[in-house]
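Here the structure is a predicted model, which is why all the values come from computation and not from measurement. We number each residue from 1, following the sequence as shown.
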Amino acid sequence: MWVLFQVPCPTPDGQSAEDLYQKRVRLITPEMRADAVSRGCRFHRAWHATDGSAFYAVAEWETREGAQAFFNAWDIRDEPGETAVYLEGDVGLVPLPEIRP
């Protein structure tokens, strides 16, 4: 299951796209990475738009239940104004990289 997360910035509470990105730089630990893999996360990346207009993340999980269990365990909540789009299909030019916990 692929999910695209998008947060328009600045958020209603004043966070910039760079703020949201840096929050993840600080919060993502080796323990969090290992737990995500154990719960079925196969891919996760995040970016901030160069013009500061938005924060984006893309994740691929085996199941919605695994993703939700991870978010609950780490007390991860939606950012103000965040939307999640569940994507169907999977076509591309190159394969996904191998998962290395």
If you look at every heavy atom in Y56 and A49, which pair is closest and at what distance? CE1-CB, 4.3 Å

Are any of the side-chain nitrogens in D35 or R39 under 4.0 Å away from the carboxylate oxygens of its partner? yes

Heavy-atom closest contact (C9 atom, G52 atom, distance): CB-O, 3.4 Å

Smallest heavy-atom separation, D19 atom then G14 atom, equals OD2-O, 4.2 Å

So CG of L27 and CD of Q22: to nearest 0.5 Å the spacing works out to 11.0 Å

Evaluate the side-chain proximity of F55 to Q6: yes if any heavy-atom separation is below 4.5 Å, no if none is. no

Would you say that E79 contacts V7 through its side chain, given a criterion of any heavy-atom pair below 4.5 Å between the two side chains? yes

Flag side-chain contact, heavy atom, 4.5 Å: V3 against V85: no

Nearest heavy-atom neighbours spanning W61 and A36: CZ3-O, 3.8 Å

Between S53 and D51, the two heavy atoms sitting closest are OG-OD1, 2.7 Å

If you round to the nearest 0.5 Å, how far is OH of Y21 from OG of S16? 13.0 Å

Heavy-atom nearest pair, T11 first then P80, reads CG2-O, 3.7 Å

Under-4.0 Å salt bridge between R24 and E18: no

Residue set satisfying ring-ring contact (aromatic ring centres under 6.0 Å, His included) with H44, at least two apart, ordered chain then number -> none

By ring-ring contact (aromatic ring centres under 6.0 Å, His included), W2 pairs with (sequence neighbours left out) F43

Test the R64-Y86 pair against the cation-pi criterion, namely NZ or CZ under 6.0 angstrom from the six-membered ring centroid and within 45° of the ring axis. yes

Check the hydrophobic clustering (I, L, V, M, F, W, Y; side-chain heavy atoms under 4.5 Å; chains of links allowed) and say if W47 and L87 are grouped together. yes

Ring-plane angle category for F5 and F71, please: parallel below 30°, perpendicular beyond 60°, tilted otherwise. perpendicular

Close side-chain approach of I28 and R33, heavy atoms under 4.5 Å: yes

Salt bridge present between D75 and R77 (N-O < 4.0 angstrom): yes

Under 3.5 Å, is there a donor-acceptor pair between the side chain of E60 and the main chain of M1? yes

